[in-house]
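These notes concern the structure reproduced below.
Proteins get letters first, then strands, A, B, ... in listed order; numbering begins at 1 in each.
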Amino acid sequence: NEMMDPRWRPTVNEREFIEQALQSDLRVDGRRPFDFRKLKIAFGREDGSAEVELGETRVMGYVTAQLVQPYKDRPNEGTLAIFTEFSPMADPAFEPGRPGEAAIELGRVIDRGLRESRAVDMESLCVVAGKHVWSVRVDLHVLDNEGNLIDAANIAALAALSTFRRPECTVGGDDGQQVTVHDSEVRDPLPLTIHHLPIAVTFAYFGDGNIMVIDPTYKEEAVMGGRMTATINSNGDVCAIQKAGGEGVMSSVIMQCLRIASVKAADITSKIKREACGH
Amino acid sequence: MLVFFWQYVPSVEDTVLGIVVDTKPDNFLVDIKGPNLAFLPVLSFEGGTRRNIPKFEIGTLIYARVVKANSIMNPELSCMDASGKAAEFGQLKSGYTFETSTGLARMLLSSPTCPLLEALGKKLSFEIAVGLNGRVWVNAPSPSNVIVVSSAIKESESYSRLQQKSMVEKLLAKLS
């Protein structure tokens with residue numbers, strides 16, 4: 001019973017040093033407070049599969065779709081759902097099987113960013129109103145947790161959605177409700193209609209909430225006082241905000257974060273579009 | 001997380017850097033990155049008596065010596081050298097700590113001084129403690145020195161001895 005508790009905790013030294021260094025705008029990995037880590041986006045051979053590396057954090061996204069009956073109150077719309085899986089290899093704190101609080105929050109923040117902002121067009125996923133619609137599913141696998149899973153997983157979702165292709169269908173038959181799903185050899189599969197890319201930008205707060213950094217590492221997350229994620233697109237539209245715990249933050253600080261997030265969102269949007277086009 | 005794979009097998013007389021995870025009446029429980037927690041008896045300090053037991057909060061970083069290690073029991077540590085003196089053992093305050101592979105730790109402790117530490121020491125002032133269990137502590141008056149030294153060490157996991165010196169020179173040139 002003297003086995004190790006696998007959750008990592010910072011030492012007194014790390015906690016004090018990280019905060020002290022931030023007083024001089026220094027971060028342990030050499031970044032400045034509002035620098036993102038190096039972002040790499042790679043695509044798999046199948047449409048709709050992407051792997052994102054944000055520093056040492058790694059997340060994969062897979063998009064799949066199937067024809068289902070629509071919800072009764074939205075007969076003309078397809079559906080979109082986000083599923084998250086945290087591999088125990090990614091972090092000793094992840095328990096296999098049960099999604100922890102972090103896994104659930106991750107899924108909700110990404111889902112909300114996409115859904116509330118209507119980034120993915122749902123009406124174009126309707127094949128036969130009231131009967132057949134496309135149900136799009138995004139699976140996010142966390143492979144390595146080096147901090148800021150939300151931003152990395154969100155990019156993985158967007159990159160995968162950008163390269164996903166669904167089969168083309170035609171509707172015919174006597175009743176006009178017979179659906180033929182065409183094989184991709186016969187008819188080119190179609191991309192989703194994506195109106196904009198909601199980019200998640202996460203801030204970590206330290207000290208009395210007067211020090212903040214963007215894209216926290218694993219250690220910074222363990223030491224931070226609070227966190228806020230702003231989901232924003234390159235038009236500057238705020239799609240969602242999630243403030244998770246910690247002390248209250250002044251509205252002037254929130255506004256500053258949104259301004260910074262807006263600039264970062266534009267950079268990341270260009271990168272996703274560039275990589276997806278090149279694929 | 002890479003650190004998950006850098007486990008340490010405790011060996012008697014190894015000097016290690018441990019983190020206090022719990023306090024019991026007779027022992028501090030210390031994480032030394034091994035398969036089991038290590039025990040540091042509360043009296044294993046120079047001049048230690050029941051009345052002057054150190055107050056270590058959870059997360060305290062300790063430099064200690066392995067005095068017992070076998071496959072059956074939890075390893076035991078001491079903060080005294082063989083003659084009962086504190087020497088350099090005990091709590092390490094301030095500074096920054098991070099994990100490395102046990103191989104890199106051995107390289108940092110090798111004699112003569114490895115090219116990495118020699119190149120860093122020529123330009124920067126800092127102090128360092130290295131645990132054979134793959135944990136390093138760096139301290140310096142300026143936080144930026146601490147960060148440069150820590151980054152250089154972490155970076156050198158993948159560099160040979162020959163490459164270290166030029167890697168550090170490049171790094172220091174970038175800063176000035």
Side-chain angles (χ1 to χ4, degrees), chain A residues 1-33 35 37 53 55-59 86-94 102 142-149 152 206 211 213 217-223, chain B residues 1-5 7-8 17-22 24 27 29-39 56-63 73-75 91-99 129 135-152 154-155 171 174-175:
Chain A
N1 67 337
E2 300 297 350
M3 283 306 287
M4 307 262 283
D5 175 354
R7 280 173 303 141
W8 179 87
R9 282 149 305 185
T11 52
V12 169
N13 313 59
E14 284 158 301
R15 193 179 288 281
E16 287 174 2
F17 183 79
I18 287 173
E19 294 220 15
Q20 186 208 347
L22 282 174
Q23 306 280 350
S24 320
D25 275 358
L26 289 170
R27 295 171 82 170
V28 173
D29 60 3
R31 278 188 289 160
R32 288 167 312 172
D35 286 342
R37 287 169 290 179
E53 288 179 44
E56 310 256 321
T57 292
R58 286 197 307 140
V59 184
F86 282 39
S87 160
M89 251 186 56
D91 185 338
F94 296 158
V142 175
L143 301 175
D144 205 345
N145 180 14
E146 242 305 299
N148 198 13
L149 290 176
F206 298 84
I211 298 179
V213 302
T217 60
Y218 190 84
K219 284 193 182 183
E220 285 171 338
E221 281 179 347
V223 171
Chain B
M1 292 190 70
L2 274 177
V3 297
F4 192 42
F5 297 102
Q7 281 260 305
Y8 162 68
L17 250 59
I19 302 173
V20 175
V21 301
D22 201 357
K24 299 279 183 209
N27 291 293
L29 299 189
V30 180
D31 157 21
I32 56 171
K33 289 178 65 186
N36 298 310
L37 289 176
F39 292 168
F56 290 150
E57 60 180 299
I58 291 177
T60 298
L61 187 66
I62 306 275
Y63 190 54
M73 295 167 13
N74 293 70
Q91 179 183 5
L92 292 172
K93 295 192 182 168
S94 297
Y96 182 66
T97 181
F98 56 94
E99 301 196 357
R135 207 171 253 143
V136 177
W137 173 82
V138 175
N139 194 20
S142 95
S144 118
N145 279 13
V146 173
I147 291 171
V148 169
V149 172
S150 304
S151 302
K154 283 190 252 189
E155 190 64 32
L171 186 67
K174 241 194 324 175
L175 297 165

Tested for side-chain contact (heavy atoms from CB on, under 4.5 Å) against B:Y96, the lone hit among A:T11, A:N13, A:V28 is A:V28

Given heavy-atom pairs under 4.5 angstrom as the criterion, report whether the side chain, backbone, both or neither of [X] touches chain A.
X      : answer
B:I19  : side chain
B:K154 : side chain
B:S150 : neither

What I'd like to find out is whether the side chain of B:I147 reaches to under 4.5 Å of the side chain of A:F17, using heavy atoms alone. yes

Here the side chain to side chain donor-acceptor pair (under 3.5 Å) pairs for residues 16-25 of chain A, sequence neighbours left out, are none

Honestly, the part of A:R27 sitting under 4.5 Å from a heavy atom of chain B is backbone

Heaviest contributor of heavy-atom pairs below 4.5 Å to chain A, chosen from B:V21, B:V146, B:T60, is B:V146

